[in-house]
Amino acid sequence: MASYLIMTPPGAPADDERTRFIADGFSWTAFFFPGPWLIVKGAWLVGIPVATLQILLLLAASMPGGFGAALLIHLALGLIVSLEGPLLVARHLSTRDWTLRSVVPARDIAAAEEIYYSNSDPTVHESHANPLPSIDRSGTGRLGDTAGLGFFQSYGER
């Protein structure tokens, strides 16, 4: 059973028709086509370099002795994007002031929509929404107190 991040546009009510349901889980499409998947999902700043890296890996695979290394790097890139890509899309939306309304566990997107819209109150507005946690950068340019790549959640623990 997958969980779906439910995000609404800036200033929109909870039952807005433009609500996005983002499946938080492994994506086979993102595994096989990481660059194009990111570009289609709207993460241009990450998608273009990933697509460029994929093209460079294809060129490196044609060199003598480069096939194995290029294949391993491509598989690692696909695995990272397929696991962390949905979270990257959600963070991209949150930087554009979209609001995380809920996280719903469901079998598929139709079930997630049914659960969310049956529980949503049309009078709820953005003041009751939960924003995504932000990434604070210190003066050194390093990431603040966040989990690495989103694989593990610290929940305030050390």
Side-chain angles (χ1 to χ4, degrees), residues 1-58 74-138 141-157:
M1 187 177 306
S3 55
Y4 290 84
L5 302 172
I6 298 153
M7 300 189 75
T8 55
D15 60 346
D16 190 72
E17 65 184 26
R18 296 172 295 164
T19 300
R20 295 264 317 254
F21 290 79
I22 302 169
D24 186 22
F26 187 83
S27 170
W28 283 105
T29 309
F31 180 73
F32 289 114
F33 308 105
W37 185 86
L38 287 167
I39 292 170
V40 166
K41 295 295 182 177
W44 293 86
L45 292 176
V46 177
I48 291 173
V50 167
T52 304
L53 180 61
Q54 283 183 281
I55 292 169
L56 292 174
L57 288 172
L58 286 174
H74 195 279
L75 288 175
L77 181 67
L79 187 63
I80 289 170
V81 171
S82 64
L83 290 172
E84 296 299 322
L87 181 60
L88 182 67
V89 170
R91 292 214 183 214
H92 173 70
L93 289 174
S94 72
T95 60
R96 295 186 346 207
D97 293 330
W98 283 59
T99 306
L100 177 66
R101 292 287 178 174
S102 181
V103 178
V104 175
R107 283 178 280 132
D108 55 7
I109 194 162
E113 288 176 351
E114 183 179 337
I115 291 168
Y116 175 70
Y117 287 122
S118 67
N119 292 334
S120 75
D121 182 7
T123 61
V124 175
H125 292 288
E126 191 170 338
S127 62
H128 298 290
N130 300 324
L132 283 176
S134 63
I135 297 177
D136 296 327
R137 295 193 179 266
S138 64
R142 294 184 182 179
L143 289 177
D145 189 19
T146 60
L149 293 177
F151 285 121
F152 304 104
Q153 297 295 328
S154 65
Y155 301 109
E157 302 161 357

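Asp108 and Ala111 make their closest contact through OD1-N, 3.0 Å (heavy atoms, listed as atom of the first residue, atom of the second, distance). Nearest approach of Ala12 to Thr8, heavy atoms of both residues: O-OG1, 4.3 Å. Considering all non-hydrogen atoms of both residues, Pro9 and Trp98 come closest at N-CE3, 3.5 Å. Minimum interatomic distance between Pro34 and Gln54 (heavy atoms only, all atoms of both residues): CD-NE2, 3.2 Å. Between Pro86 and Asp24 the shortest heavy-atom distance is CB-CA, 4.3 Å. Among all heavy-atom pairs drawn from Val103 and Ser3, the shortest one is CG1-CB, 4.0 Å.
One distance of note links CG of Asp97 with CE of Met7; it measures 10.0 Å at 0.5 Å rounding. Here Leu38 contributes atom CG and Glu84 contributes atom CD; the two are 11.5 Å apart, rounded to the nearest 0.5 Å. Between atom CG of residue Leu87 and atom CG of residue Leu5 there is a gap of 7.5 Å, rounded to the nearest 0.5 Å. Ile80 CD1 to Leu88 CG: the interatomic distance, rounded to the nearest 0.5 Å, is 12.0 Å. With rounding to the nearest 0.5 angstrom, the CD1 atom of Ile22 is 12.0 Å from the CZ atom of Arg91. Phe31 CZ to Leu75 CG: the interatomic distance, rounded to the nearest 0.5 Å, is 5.0 Å.
Residues passing the side-chain hydrogen bond (donor to acceptor under 3.5 Å, both in side chains) test with Arg96, sequence neighbours excluded: His92. For Asp16, the salt bridge (Lys or Arg N to Asp or Glu O under 4.0 Å) partners are Arg18, not counting sequence neighbours.
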Given Tyr117 and Ile6, is the side-chain contact (heavy atoms from CB on, under 4.5 Å) satisfied, shown in steps?
CA-CA 11 Å; Tyr117 287 122; Ile6 298 153; over 6 Å; no
Take Phe26 and Leu79 through the side-chain contact (heavy atoms from CB on, under 4.5 Å) test and state the conclusion after the steps.
CA-CA 9 Å; Phe26 187 83; Leu79 187 63; 4.1 Å; yes
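Between the side chain of Tyr4 and the backbone N or O of Ile109, at least one donor-acceptor pair lies under 3.5 Å.
Aromatic ring pairs are classed by plane angle as parallel below 30°, tilted from 30° to 60° and perpendicular above 60°; the pair Phe21 and Tyr116 is perpendicular.
Contact annotation: the side chain of Leu93 approaches that of Arg20 to within less than 4.5 Å [non-hydrogen atoms, C-beta and beyond].
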